[in-house]
*Asks:* 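Let me give you the structure first, and then I'll get to my questions.
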Protein chains: 2
Amino acid sequence: MKENETGIEITLEIVCGKWKGLILWKLLHEKPMRFNQLRREIDGEISSRILSRELRKLTDDGLIERIDYEMVPPKVEYRITPYGKTTASFLTSMNEWGLEHKRMSTSRKEMARLINK
Amino acid sequence: MKENETGIEITLEIVCGKWKGLILWKLLHEKPMRFNQLRREIDGEISSRILSRELRKLTDDGLIERIDYEMVPPKVEYRITPYGKTTASFLTSMNEWGLEHKRMSTSRKEMARLINK
DNA sequence: CGGCATCCCGTCCGATACTG
DNA sequence: CAGTATCGGACGGGATGCCG
């Protein structure tokens, strides 16, 4: 373990990419959700293939849990785990920063011009 | 602008990828730095091509500033901007989470097992 | 010193179609 | 309902070499 290694790298391994942060954020604030429910509620329209893949990654990493009711028709729920809940600390910060900057401007570049001026 | 859009998405557009978060983090805590100095000090060994590209993206987004002294041999410095400094809020959270989880375990999977048990 | 050119690979992301 | 199969494009990341 390197001495000066930042925590940023480790955290990025988890939330990097377009979707995992959003999925975690959703499951942090809702009850366990079913596959298609999650699919509908995530803004930005995620395809079932991508959602399936991202859910698998999060499950493999122990951040969420897959509950298969083994019914016909199938019913599967995804729930945040205790470990997953700990991500709320930085996801909340990220959300606040993003919202702040969305409120202030329509674009990041414009934002930058205003602040840096 | 959508109503329920999360700030997460916006924030991820900036720090996503392996390097931009680390570069920002470095420049947040140091004086303006030269290209090769930055290259040497970033852990994980970044190639000059990649560093160059990432620095350009950050500059285009107004998060850092490129100062060319127009000397021979070339001297160029990169400095965090006021806008870039605002990212400290969430980068700090991300760093803390990562360090916390690095301290507790050698791997994320083991970490997950411990917490979720 | 601070890059850019070239080539390459693996991953991310997506549309469409299909299935138990 | 909850996915998988297939195909394909875009992007991130890297090795090597060259240049003013």
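Chain letters run A, B, ... following the sequence lines, proteins first, then strands; residues in each count from 1. Keep in mind the model is a prediction, meaning the values are calculated, not measured.
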*Asks:* Counting only non-hydrogen atoms, which of residues 30-42 of chain A are less than 4.0 Å from DNA chain D?
*Replies:* A/R34, A/F35, A/N36

*Asks:* If a pair satisfies ring pair (Phe, Tyr, Trp, His ring centres under 6.0 Å) and one of its residues is in residues 46-86 of chain B, list it, with sequence neighbours excluded.
*Replies:* A/H101-B/Y83

*Asks:* Which residue pairs satisfy the salt bridge (Lys or Arg N to Asp or Glu O under 4.0 Å) criterion with at least one member in residues 62-74 of chain A, sequence neighbours excluded?
*Replies:* A/E65-A/R79, A/R66-A/D68

*Asks:* Any non-hydrogen side-chain atom of A/E41 less than 4.5 Å from a side-chain atom of A/K26?
*Replies:* yes

*Asks:* Going 5' to 3' along DNA chain C, which nucleotides are the first and last within contact of chain B (any atom under 4.0 Å from a heavy atom)?
*Replies:* C/dC1 to C/dT6

*Asks:* Using a 4.5 Å cut-off on heavy atoms from C-beta on, say whether the side chain of A/E13 contacts that of B/K18.
*Replies:* no

*Asks:* Pull out every residue in residues 65-77 of chain A that has a heavy atom closer than 4.0 Å to any atom of DNA chain D, ordered by number, or say none.
*Replies:* A/R66, A/P74, A/K75, A/V76

*Asks:* Any salt bridge (Lys or Arg N to Asp or Glu O under 4.0 Å) pairs touching residues 82-97 of chain B, not counting sequence neighbours?
*Replies:* none

*Asks:* Test side chain to side chain contact (heavy atoms under 4.5 Å, CB included) on A/I14 and A/K20; report intermediate values, then the result.
*Replies:* CA-CA 8 Å; A/I14 287 192; A/K20 285 191 291 191; 5.9 Å; no

*Asks:* Strictly by ring pair (Phe, Tyr, Trp, His ring centres under 6.0 Å), give each pair with a member in residues 16-50 of chain A just once, sequence neighbours left out.
*Replies:* A/W25-A/H29

*Asks:* Tell me, with the steps shown, if A/N36 and A/R39 meet side chain to side chain contact (heavy atoms under 4.5 Å, CB included).
*Replies:* CA-CA 5 Å; A/N36 279 318; A/R39 182 154 134 70; 3.8 Å; yes

*Asks:* What residues from residues 46-59 of chain B pass a heavy-atom cutoff of under 4.0 Å to DNA chain C?
*Replies:* B/S48, B/R49, B/S52

*Asks:* Check side chain to side chain donor-acceptor pair (under 3.5 Å) between B/N95 and all other residues, then give those that pass, not counting sequence neighbours.
*Replies:* none

*Asks:* Mind grabbing the angle between the end helix axes of the helix from C/dC1-D/dG20 to C/dG20-D/dC1? Five pairs an end, 10° rounding.
*Replies:* 50°

*Asks:* So do B/I46 and B/L22 actually touch side chain to side chain, heavy atoms under 4.5 Å?
*Replies:* no

*Asks:* Answer yes if A/L27 and A/I42 sit in the same cluster of Ile, Leu, Val, Met, Phe, Trp and Tyr residues linked by side chain heavy atoms under 4.5 Å apart, and no otherwise.
*Replies:* yes

*Asks:* Using links of under 4.5 Å between side-chain heavy atoms of ILVMFWY residues, direct or through other members, which residues join B/V72 in one cluster?
*Replies:* none

*Asks:* So, OP1 or OP2 of D/dC11: does either fall under 4.0 Å of a side-chain N or O from A/K18?
*Replies:* no

*Asks:* Under a 4.5 Å cut-off applied to non-hydrogen side-chain atoms, are B/T6 and B/E9 in contact?
*Replies:* yes

*Asks:* Under 3.5 Å, is there a donor-acceptor pair linking the side chains of A/W97 and B/T86?
*Replies:* yes

*Asks:* Considering residues at least two apart in sequence or located in another chain, which fulfil the side chain to side chain donor-acceptor pair (under 3.5 Å) criterion with B/K57?
*Replies:* B/E54

